[in-house]
Amino acid sequence: GNSVTQMEGPVTLSEEAFLTINCTYTATGYPSLFWYVQYPGEGLQLLLKATKADDKGSNKGFEATYRKETTSFHLEKGSVQVSDSAVYFCALSFTDKLIFGTGTRLQVFP
Amino acid sequence: EADIYQTPRYLVIGTGKKITLECSQTMGHDKMYWYQQDPGMELHLIHYSYGVNSTEKGDLSSESTVSRIRTEHFPLTLESARPSHTSQYLCASSEWRDSGANVLTFGAGSRLTVL
């Protein structure tokens, strides 16, 4: 079946550090891939997406590249801020429904 | 700005009570969804709808029910709440973009605690 696997958290970083959150997927075919972010006490927000192989999604300094050969969609940011502290969800979709990973909590300290 | 609204944000009730979680969106989206988020953060799809008078069960079995009488409104009901229903419930809606990606817009969630 289709599934998403994310690295377990929490990920703890100092401000301005480099961030990588790993995400790999299993799917029959070529899904669209997403990163959503959930700030404390809020719902999920779309952070970025990619709809085909080699596409790079980017937003707010975050980037992720759709890698078909490694079935991966790792999230990266060059310099994190305290305000980036949140839970990050990787997800895939073929049509109407999203399949989410288990989420990775990021904690950034000053 | 939130275009999808959930009420109540927090609810604490006793076992056996009937509760309805409200969800409304102003974007005219046809598709709407309910996700249950457990304390470990994992999200499970429990209900979805493709439009008025359309409701389907999701991947996780749930004792809740939903209705879709109006495009903008997708309430979730528990006839008799139990402690095992304690969770956060997230409502979402979506439109199919030209890019081929189904992008969901989420509400802020309703956190339910059943004593």
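- For A/Q38, the part lying near chain B is the side chain, with the backbone staying farther off; criterion is any non-hydrogen pair under 4.5 Å.
- Follow the hydrophobic side-chain contacts under 4.5 Å out from A/Y30 and you reach A/L48 in the same cluster.
- Residues A/F109 and A/L19 are members of separate hydrophobic clusters, defined by side-chain heavy-atom contacts under 4.5 angstrom among Ile, Leu, Val, Met, Phe, Trp and Tyr.
- Between B/F106 and A/L44, the shortest heavy-atom distance links the atoms CB-O, 3.2 Å.
- The environment of CD in A/E8 is sparse: at most 12 heavy-atom neighbours from other residues, nucleotides or ligands sit within 6.0 Å.
- Cluster annotation: B/Y50 is connected to B/Y33 through the hydrophobic network of ILVMFWY side chains, with a link wherever side-chain heavy atoms come within less than 4.5 Å.
- At a 4.5 Å heavy-atom cutoff, B/R111 makes no contact with chain A through either its backbone or its side chain.
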CA sep, side-chain torsions, deciding dist, call: B/L43, A/L98, side-chain contact (heavy atoms from CB on, under 4.5 Å): CA-CA 10 Å; B/L43 291 150; A/L98 257 63; over 6 Å; no
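- By the neighbour-count criterion of 12 heavy atoms within 6.0 Å, atom CD of A/E16 is sparsely surrounded, having that number or fewer from other residues, nucleotides or ligands.
- In this structure, the portion of B/D59 lying under 4.5 Å from any heavy atom of chain A is its side chain and not its backbone.
- At a threshold of 4.5 Å between side-chain heavy atoms, the hydrophobic network of Ile, Leu, Val, Met, Phe, Trp and Tyr places B/L60 and B/L112 in one connected group.
- No more than 12 heavy atoms of other residues, nucleotides or ligands shown are found within 6.0 angstrom of CD1 on B/I69.
- For B/L104, the parts lying near chain A are the backbone and the side chain together; criterion is any non-hydrogen pair under 4.5 Å.
- At a threshold of 4.5 Å between side-chain heavy atoms, the hydrophobic network of Ile, Leu, Val, Met, Phe, Trp and Tyr places A/V108 and A/Y39 in one connected group.
- Note on B/Q6, B/Q37, B/E42, B/R9: by heavy-atom pairs under 4.5 Å with chain A, the leading option is B/Q37.
- Using a 4.5 Å cut-off between non-hydrogen atoms, the part of residues 72-91 of chain B that approaches chain A consists of B/Q88, B/L90.
- The most heavy-atom pairs under 4.5 Å with chain A, out of B/G58, B/A108, B/G109, come from B/A108.
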